[in-house]
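Structure first, then comments.
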Amino acid sequence: QVKSTKGGSQCKERHMGLLTPVGKIEISGCEKGLHEIKLPKMNVLPSGAESTAMCEVYEGTAEVTEPLQQCMGWLYAYFCEPARTATLPVPAFHHPLLQQDSFTSKVLWTLLRDVKFGEAVSYKHLADLAGNSRAARAVGGAMRSNPIPIIIPCHRVICSSGQSGNYGGGNLMKEWLLSHEKLQQGKGAY
């Protein structure tokens with residue numbers, strides 16, 4: 001149960017699990033929006049059949065809310081038909097962090113809006129975009145708090161040196177997501 005910031009009402013949270021090329025992803029949300037995407041920890045990079053696996057639901061198909069349905073469609077497109085993500089609506093978000101007026105929230109919304117598929121941005125540049133050029137470390141904190149990874153693409157935020165930096169889903173996951181996007185761009189999908 002997630003407590004709404006407006007009115008203190010409780011959400012009726014629903015959960016779904018998706019089997020993806022990077023493993024089992026868990027998503028949760030209510031009628032008002034998506035609450036969270038939980039990524040699996042990767043110990044090895046997927047290869048062969050695993051890396052081309054389609055997205056399919058493995059649990060939670062009963063009473064799927066519209067935001068969960070949209071999230072599932074968006075993630076399917078991301079992994080299987082990436083060019084479609086540019087035209088798909090992003091599901092509504094209903095996580096309290098994303099409804100606040102805070103630097104973290106501003107950074108996450110800026111990242112979602114300004115850093116497109118296949119692009120990367122440094123922590124410092126994202127701080128500039130969010131309006132505080134000296135807040136690169138705070139941007140790192142915002143990335144660690146991101147409740148909606150992949151859709152809010154914190155994997156696209158890298159160090160100024162070009163190193164990938166840390167990632168909540170693990171560095172192998174970040175490496176896979178970045179190379180997936182580069183590979184798809186190389187196919188002329190964008």
Side-chain angles (χ1 to χ4, degrees), residues 1-2 4 11-42 45-46 49-99 105 108-121 143 145-157 167-170 172-190:
Q1 298 269 341
V2 172
S4 172
C11 295
K12 188 169 183 181
E13 193 170 285
R14 304 269 185 243
H15 298 269
M16 287 184 70
L18 294 175
L19 196 54
T20 72
V22 295
K24 293 178 179 178
I25 293 178
E26 295 175 27
I27 59 176
S28 63
C30 65
E31 291 292 334
K32 294 179 182 175
L34 197 56
H35 291 178
E36 195 172 26
I37 295 176
K38 288 185 182 174
L39 301 176
K41 293 286 186 203
M42 290 177 76
L45 286 169
E50 292 171 356
S51 64
T52 58
M54 296 302 237
C55 291
E56 56 187 62
V57 176
Y58 72 87
E59 68 180 6
T61 55
E63 297 183 54
V64 175
T65 65
E66 181 68 23
L68 287 179
Q69 192 68 42
Q70 281 185 321
C71 179
M72 188 176 68
W74 198 96
L75 289 172
Y76 175 86
Y78 178 84
F79 288 112
C80 303
E81 305 171 56
R84 288 187 50 230
T85 60
T87 59
L88 285 176
V90 171
F93 301 142
H94 196 241
H95 189 282
L97 177 68
L98 296 166
Q99 297 172 355
S105 176
L108 293 173
W109 284 109
T110 301
L111 177 60
L112 175 64
R113 182 187 66 237
D114 294 349
V115 184
K116 305 300 180 212
F117 191 95
E119 295 177 355
V121 64
M143 297 306 98
S145 342
N146 180 9
I148 318 283
I150 300 180
I151 294 178
I152 298 177
C154 52
H155 61 279
R156 296 180 190 151
V157 182
Y167 187 60
L172 284 176
M173 175 76 75
K174 185 171 188 170
E175 191 179 309
W176 191 93
L177 294 169
L178 289 170
S179 65
H180 169 68
E181 292 186 13
K182 280 191 175 67
L183 183 66
Q184 294 304 321
Q185 280 192 311
K187 291 180 180 177
Y190 286 87

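Because only heavy atoms are used, hydrogens play no part in the values below, and waters and symmetry mates are left out as well, while side chains stay in. Nothing here was measured: the structure is a model prediction, and the numbers come from that model.
- Between P40 and M173, the closest side-chain pair of non-hydrogen atoms falls below 4.5 Å.
- Nearest heavy-atom pair across H95 and P147 is CD2-CB, 3.5 Å.
- Judged purely by atom type and a 3.5 angstrom limit, R156 uses its side chain to pair as donor or acceptor with the backbone of V115.
- At distances below 3.5 Å, not a single donor-acceptor pair connects side-chain atoms of K32 with backbone N or O atoms of A92.
- The CD1 atom of I27 lies 11.0 Å from the CD1 atom of I150; values are rounded to the nearest 0.5 Å.
- For W74 against P89, the heavy-atom pair with the smallest separation is CD1-O, 3.8 Å.
- Within the 4.5 Å cutoff, no side-chain heavy atoms of Y76 are placed close to those of L18.
- Residues P153 and E119 are not in side-chain contact: their nearest non-hydrogen atoms beyond the backbone lie 4.5 Å or more apart.
- Atom CG of L97 and atom OG of S145 lie 6.0 Å apart (nearest 0.5 Å).
- Between the CG atom in L34 and the CD1 atom in I148 there is a gap of 4.0 Å [rounded to 0.5 Å].
- To the nearest 0.5 angstrom, L75 atom CG is 5.5 Å from I25 atom CD1.
- Looking at heavy atoms from C-beta onward, H94 lies in side-chain contact with C11 at the 4.5 angstrom threshold.
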Trace of the side-chain contact (heavy atoms from CB on, under 4.5 Å) decision for V22 with L39: CA-CA 8 Å; V22 295; L39 301 176; 5.6 Å; no
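- E181 CD to T85 OG1: the interatomic distance, rounded to the nearest 0.5 Å, is 8.0 Å.
- Partners of K38 by side chain to side chain contact (heavy atoms under 4.5 Å, CB included), not counting sequence neighbours, listed by chain and number: E26, E36.
- The side-chain heavy atoms of D114 and V121, taken from C-beta on, include no pair separated by under 4.5 Å.
- For the atom pair CD (E31) and CD (E13), the distance works out to 12.5 Å, reported to the nearest 0.5 Å.
- Among all heavy-atom pairs drawn from C154 and M143, the shortest one is CB-SD, 3.4 Å.
- With sequence neighbours excluded, no residue forms a side chain to side chain contact (heavy atoms under 4.5 Å, CB included) with S179.
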Full working for side-chain contact (heavy atoms from CB on, under 4.5 Å) between C30 and K12: CA-CA 6 Å; C30 65; K12 188 169 183 181; 5.6 Å; no
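- Classification of the Y78-H155 ring pair by plane angle, with boundaries at 30° and 60°, yields perpendicular.
- For the ring pair (Phe, Tyr, Trp, His ring centres under 6.0 Å) test, residues two or more places apart in sequence or in another chain that qualify with F93 are W109.
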